[in-house]
Amino acid sequence: MQFQLKVWRQPRRDAPGRLEPYEARDVSPDMSFLEMLDTVNEGLITRGEEPIAFDNDCREGICGTCGFMINGVAHGPRSATATCQLHMREFADGQTLVIEPFRATAFPVIKDLVVNRGALDRIIASGGYISVSTGSAPEANNIAVGKDMSERSMDAAACIGCGACVAACPNAAAQLFTSAKISHLGLLPQGQPERYARARRMVAQMEEEGFGSCTLYTECEAVCPAEISVDFIARMNRDYLKVGRRGQRAE
Amino acid sequence: MELVSHIPEGPLADKWDDYCSRTKLVSPANRRKLEVIVVGSGLAGGAAAATLAELGYRVQCFCYQDSPRRAHSVAAQGGINAAKGYQPDGDSVYRLFHDTIKGGDFRSREANVYRLAQLSLKIIDQCVAQGVPFAREYGGMLDVRSFGGVQVSRTFYCRGQTGQQLMLGVYQALTRQIARGQVVMHPRSEMLDLVVTDGRAAGIIVRDLATGEIRAHAAHATVLATGGYGNVYYLSTNAKGSNATAIWRAYRRGAAMANPCFTQIHPTCIPPSGHHQSKLTLMSESLRNDARVWVPQDKDDKRPPGEIPESQRDYFLEREYPAYGNLVPRDLASRSAKRAVDAGHGVGPNDHGVYLDMADALERLGREQVTDRYGNLFEMYRRITDEDPYRVPMRIYPAPHYTMGGLWVDYNLMSTLPGLFVIGEANFSDHGANRLGASALMQGLADGYFILPITIASYLSGQVGREKPDLRHEAFQATTDQVHQRIAALLGASGKRTVDSFHRELGQICWNECGMTRNEEGLREAIERIRNLREEYRAQVQVVGEEDNLNQSLEKAGRVNDFFELAELMCLDALHRRESCGGHFREDYSTPDGRIDRDDENYCHVAAWEFSGDDQPPKLQSEPLQFEFVQLAQRDYR
Amino acid sequence: MEEPAVGPQNVYSDNSADQSSLMKDRISHFYRSAVGKKAIMAVTGMVLFLYVLVHMLGNLKLFQGAEKLNEYAQWLREVGGPAVPHTGTLWIVRVILLVAFALHVGATIQLTRMNMRARQTRYQVYRPVAAGVASRTMRWTGVLIGLFVIFHLLDLTWGTIHPDFEHDNVYHNVVVSMGTWWIAAVYIIAQVALGLHLYHGLWSMLQSLGWSHPRLNPWRRPAATTFAVIITAGNILIPIVILLGWVR
Ligand SMILES: Cc1cc2nc3c(=O)[nH]c(=O)nc-3n(C[C@H](O)[C@H](O)[C@H](O)COP(=O)(O)OP(=O)(O)OC[C@H]3O[C@@H](n4cnc5c(N)ncnc54)[C@H](O)[C@@H]3O)c2cc1C
Ligand code: HEM
Ligand code: HEM
Ligand code: SF4
Ligand code: F3S
Ligand code: FES
């Protein structure tokens, strides 16, 4: 197979960037998208040109490092699939592929397709944990967790932190990511003591970082490689709104 | 250099408790004045950094990813062992200890492994309290499953994403300390060298991967938790960025490297699909609980699997190991698969695989339960291969996965360099010559949460009242200069070959000669070829881009440079160990029917290598392994 | 906005200090947060929705003839009396509507600006895969509704643009107005806009207020659709039957 690529090239954070055309030849349908870019890069390097910078690590769809826009869709056309797990057989031979970085004011571009998603870490740091220090935990089976709750919590906990939800959202909102973390912990008995304070702090940090608000476009859910549901956003809203009624009093 | 393991005296079961009650401590007031560098934010590093910070030490933590949550521990699928004994199947701390020693083919320390088994209990408690959503039974209690190499069910899991969930637990604990200001986190920062002053680890040199800036950091103690070096094979289940640079640079600065040839080849990975393959994907071993592994009996049988009748299939694991069947330890399963493929029974493209068949399980459990247990693995398989495992048996082949070897450490987890601690997969660890499934996560967390925070105190207590090493010390300047020179050399080499093409070739040599099977001749040849290729690499590699900017080919070039040197040592170690044990299978030292032939007389030891200069062969020292509590025996899983 | 520096270490806020200051000005913080603004939008949206629903049901009295409708209109002015003065209740409703409208639009403007700031560099190629027409046009359907309400007041409340306005003869006013083809067209277009706005808005409202539960969730979308259809159909029916001359 072969493809015409148009790739966003931007040498540095504050430098201007633009779409550059490249050609990807001899592509096997069994190649992953990143392997296709690898071969393009090999060609560029042998010609002495700078390879396209893109983030990746596990290449198994779990670490959340990879991700960019392919023809206007975060992580490309296949649903529930991170970029590294996307294979070229999903595309038609000869197709033009436009590749751009995830864009949001809170995700400044570092180089080419590499962006800084530190804002997501700061959201977690504002309260996305259970305050338990090493060694102070009770015997594990003293805490019973119903299977349903545990499964729902796991549904939310599956978020890989890739930021595609932000990239896909017309408002550049980080609501899906934030709500997934709030719900993961908030659904478990262990997470109850800090539940409402956690929601309030994380929402506050999310907005401080400059993400947008949620209009329920559901683009985020559609591109999410971990299939996080927008229902968790409603849950987050509820926990946040309860702050005034229940959460604050407890503090 | 002297190898002193510092194993406490006394009965096995009391060693650790006695150690804890006697070891020197640092008072809370003094902890505030002590600074610790932790390189790595995986289960081991993240847990250590968080716990040290909770105790009051000031911590600087580094990782090369853009977020600590992405450390490769995140990719572990199957589960984590703990001898909780929630099921009346006869599990106990002693049994976990014994299974691990035996699984490792009697090449690990009794005292360390026993401690690990003891601490496994606390790990699960800790993780549950943090909100790790382990699988549950309907009554709300924790569920467990069985895993390769053991006859009890002691593996706790979160769907097929156990590593991810444990990683998030660790990350959350770490993040809480970052928010408190107790940990300063440096993501996108790669350690490129270790600084040694007056014979002690004084700090590290780091490159900020986003800006290219080279910076020095000093601390009272340094902890390496940088994971394994499986990427020496190029194709492995490790993350693309996984590297040996941190441990290799520490080795070059005086820390001994132990058993580098002990590498684990995992039996159930998706076979490569072509030359472009950039990494291999693991299919969790847990599949072996319910799947059956087979090949066609007839070499030339090219029929689709569904058309091959039961009587013409060879369920070779069940045939060879009736007691354990499909659940034999990894090294044995891998070699059996290789034998089947080498004998011409392979299936799939290039005949490079064996079947992992879920048909029986689908019949026995029904589609729903199978989906419940393995749904996401099936989905992953389908995405990669475009085949539906519900209808067609999956194809698997072994792939490099884990490295039991690593920097040598004593019972305190301190290397031969005072002040340098090594935890997690980066140390030579508790797994001997072969690791049992679901034990690496356990080890990483035991090291990070429960062992290092205590053992490091005995070293740090000697540092109380001292300032941390001065960044103006000439060693810092000299090491920084050397890092700059290395970078300049890589950028200055003028050739046309990419880093990846060299890495691929290096990996091929290692895989063929120092992979699942090894022999004298092949290893000697491999060393020659590695040296030659390395010379070519240094002269000919093409690295474009700037030093003071994000430069991924430069990052790779540095890592591959170190892999070259490590690969040579790995082969040397394999050459030296004239026996077969665990994952180290010497064709020239095996029984005629292709089984392991251990030589406890001469090789019941840890081989620790010491760097002695670029043109000198490394010095070998050995730490004899004493087995007081278990009986040395040939492993028998038949 | 200042861009965050590389790495998470720089901008962590001190949670404990944060906490007490938040306690002090809870309400202002609530309104400052986008989630809070959305809750306000949802509550005001619900008020507006309830008004439109009741208003639509009232309008259907048209089919019962002039008398009934005019009686109803009169009743609206008297209701609550004598406890409240003439048109008192009506004024209370008007004030609530006005406040709701102002808050609704105010929050929209602020959120829209926030969302525009959140992505300053636009994509060269962007392809939505899930968002439907209704959600993507909320701002425009909202504006259309706003313009329509002004038009509507000029038409049927103040009679300014009405061809033949008669005080206290609501039936006449409606029939004459809707009998004029271009006015009827304005009404029909506005009802379509309103329908789209509610089709997405009602669903979003449940989300913004956090009314979600695994058992409730399958019903949220259908419920929103049903009410949006009822309101649109009910309202559109009136200009259509009048245009067709079935009601005079
Ligand atoms: C696909 C896969 C599946 C697995 N499944 C299981 C399982 O089911 N059960 C089980 O028990 N084990 C499993 N393992 C093994 C287990 O996951 C690992 O051994 C373990 O997670 C290693 O943890 P760690 O903390 O030592 O290192 P890692 O998690 O690898 O972390 C290494 C850290 O060091 C940092 N680092 C590395 N080099 C540098 C450098 N030069 N400078 C700065 N930072 C650096 C990285 O950024 C990272 O933060 C699996 C492994 C793989 C690859
Ligand atoms: C000038 C008039 C109006 C404008 C500009 C407007 C605009 C908007 C916008 C942009 C939204 C989406 C906000 C977001 O999710 O970010 C919205 C939501 C909504 N609107 Fe309106 N609107 C107007 C009038 C109305 C009227 C008259 C009604 C009722 C009949 C209404 C009912 C709703 C409802 C129920 C929501 C959902 C609130 C939520 O998502 O929580 N709107 N409006
Ligand atoms: C075809 C549909 C509609 C018809 C036939 C209709 C009819 C009327 C009539 C006859 C009045 C005057 C009542 C009176 O003076 O007693 C009125 C008032 C009003 N209508 Fe409508 N209407 C329609 C749709 C709408 C819609 C969609 C909205 C809002 C979005 C709306 C908002 C109002 C308002 C705000 C008033 C003024 C109420 C007051 O007196 O304070 N109408 N309408
Ligand atoms: S919610 Fe989904 S899209 Fe967003 S960060 Fe998590 S995994 Fe990625
Ligand atoms: S796409 Fe954006 S608007 Fe909400 S539902 Fe998802 S965050
Ligand atoms: S590279 Fe890890 S998710 Fe894609």
Side-chain angles (χ1 to χ4, degrees), chain A residues 6 8 19 69 71-73 77 79 98 100 103-106 108-110 116 118-119 121-122 125-127 152 168 170-173 197 200-201 203-205 207-219 221-223 230-231 233-244 248 251, chain C residues 1-13 15 18-19 22-23 26-27 29-30 32-39 42 110-112 114-132 135-136 138 200 203-204 206-214 217 220:
Chain A
K6 285 191 184 157
W8 183 263
L19 288 176
M69 305 293 284
N71 286 347
V73 180
S79 67
V98 181
E100 281 183 90
R103 288 200 190 284
T105 308
V109 173
I110 296 175
N116 179 356
D121 289 287
R122 290 187 290 271
S126 68
R152 270 221 290 151
N171 299 346
R200 192 194 63 225
R201 289 184 190 153
V203 167
Q205 186 67 31
E207 301 188 351
E208 189 131 314
E209 295 292 343
F211 292 106
S213 75
C214 178
T215 309
L216 196 52
Y217 286 125
T218 67
E219 288 292 328
E221 179 184 76
V223 301
V230 291
D231 292 344
I233 300 181
R235 223 183 156 277
M236 170 180 82
N237 292 338
R238 185 168 69 225
D239 279 5
Y240 181 85
L241 298 175
K242 263 198 191 138
V243 162
Q248 296 267 9
E251 272 174 27
Chain C
M1 199 207 64
E2 235 189 64
E3 278 183 340
V6 179
Q9 67 273 24
N10 303 313
V11 195
Y12 290 131
S13 52
N15 287 326
D18 203 13
Q19 205 167 309
L22 284 191
M23 295 264 275
R26 239 190 267 169
I27 296 175
H29 187 269
F30 178 80
R32 251 186 287 136
S33 88
V35 174
K37 284 197 194 82
K38 275 307 300 264
Q110 283 179 310
L111 287 177
T112 303
M114 171 180 187
N115 295 340
M116 277 162 35
R117 268 200 310 274
R119 180 170 295 121
Q120 275 144 357
T121 317
R122 310 186 127 257
Y123 289 113
Q124 313 253 327
V125 178
Y126 176 79
R127 192 165 67 81
V129 284
S135 64
R136 282 187 284 129
M138 283 302 272
H200 184 70
W203 182 42
S204 176
L206 299 174
Q207 179 90 352
S208 301
L209 294 174
W211 292 354
S212 126
H213 186 276
N217 293 347
R220 291 196 300 169

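We name chains A, B, ... by the order of the sequence lines, and we start the count at 1 in each one.
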Under a 4.5 Å heavy-atom cut-off, does chain C meet the side chain of [X], its backbone, both or neither?
X	result
Asp231(A)	both
Val230(A)	both
Glu219(A)	both

Kindly compute the distance separating [atom1] ([X]) from [atom2] ([Y]), expressed to the nearest 0.5 Å.
X	Y	atom1	atom2	value
Lys37(C)	Ser213(A)	NZ	OG	8.5 Å
Phe211(A)	Arg117(C)	CZ	CZ	14.0 Å
Thr215(A)	Leu111(C)	OG1	CG	7.5 Å
Arg32(C)	Glu208(A)	CZ	CD	9.5 Å

[Y] backbone acceptor or donor facing [X] side chain under 3.5 Å:
X	Y	answer
Arg238(A)	Ser212(C)	yes
Tyr123(C)	Gly72(A)	no
Ser204(C)	Leu216(A)	no
Asn115(C)	Gly212(A)	no

What is the minimum heavy-atom distance between Arg119(C) and Ala168(A), and which atoms define it?
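Of all heavy-atom pairs spanning Arg119(C) and Ala168(A), the closest is NH2-N, 4.5 Å.
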If you count heavy-atom pairs within less than 4.5 Å of chain A, which of Arg136(C), Met116(C), Met114(C) leads?
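Going by pairs under 4.5 Å, I would pick Met114(C).
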Greatest number of heavy atom pairs closer than 4.5 Å to chain C - which of Val109(A), Ile233(A), Val203(A), Val223(A)
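Of Val109(A), Ile233(A), Val203(A), Val223(A), Ile233(A) has the most heavy-atom pairs under 4.5 Å with chain C.
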Report the option among Pro170(A), Ala172(A), Ala173(A) that has the most heavy-atom pairs separated by less than 4.5 Å from atoms of chain C.
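If we count pairs closer than 4.5 Å to chain C, Ala172(A) comes out on top.
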My understanding is that only residues two or more places apart in sequence, or in another chain, count here; which of them pass side chain to side chain donor-acceptor pair (under 3.5 Å) with Gln207(C)?
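Gln207(C) satisfies side chain to side chain donor-acceptor pair (under 3.5 Å) with Arg220(C) only.
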Counterpart residues, side chain to side chain donor-acceptor pair (under 3.5 Å), relative to Gln124(C) (two or more places apart)
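Listed in chain order: nothing, the list is empty.
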Can you tell if the side chain of Val125(C) reaches within under 4.5 Å of the side chain of Met69(A), non-hydrogen atoms only?
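Val125(C) vs Met69(A): side chains apart.
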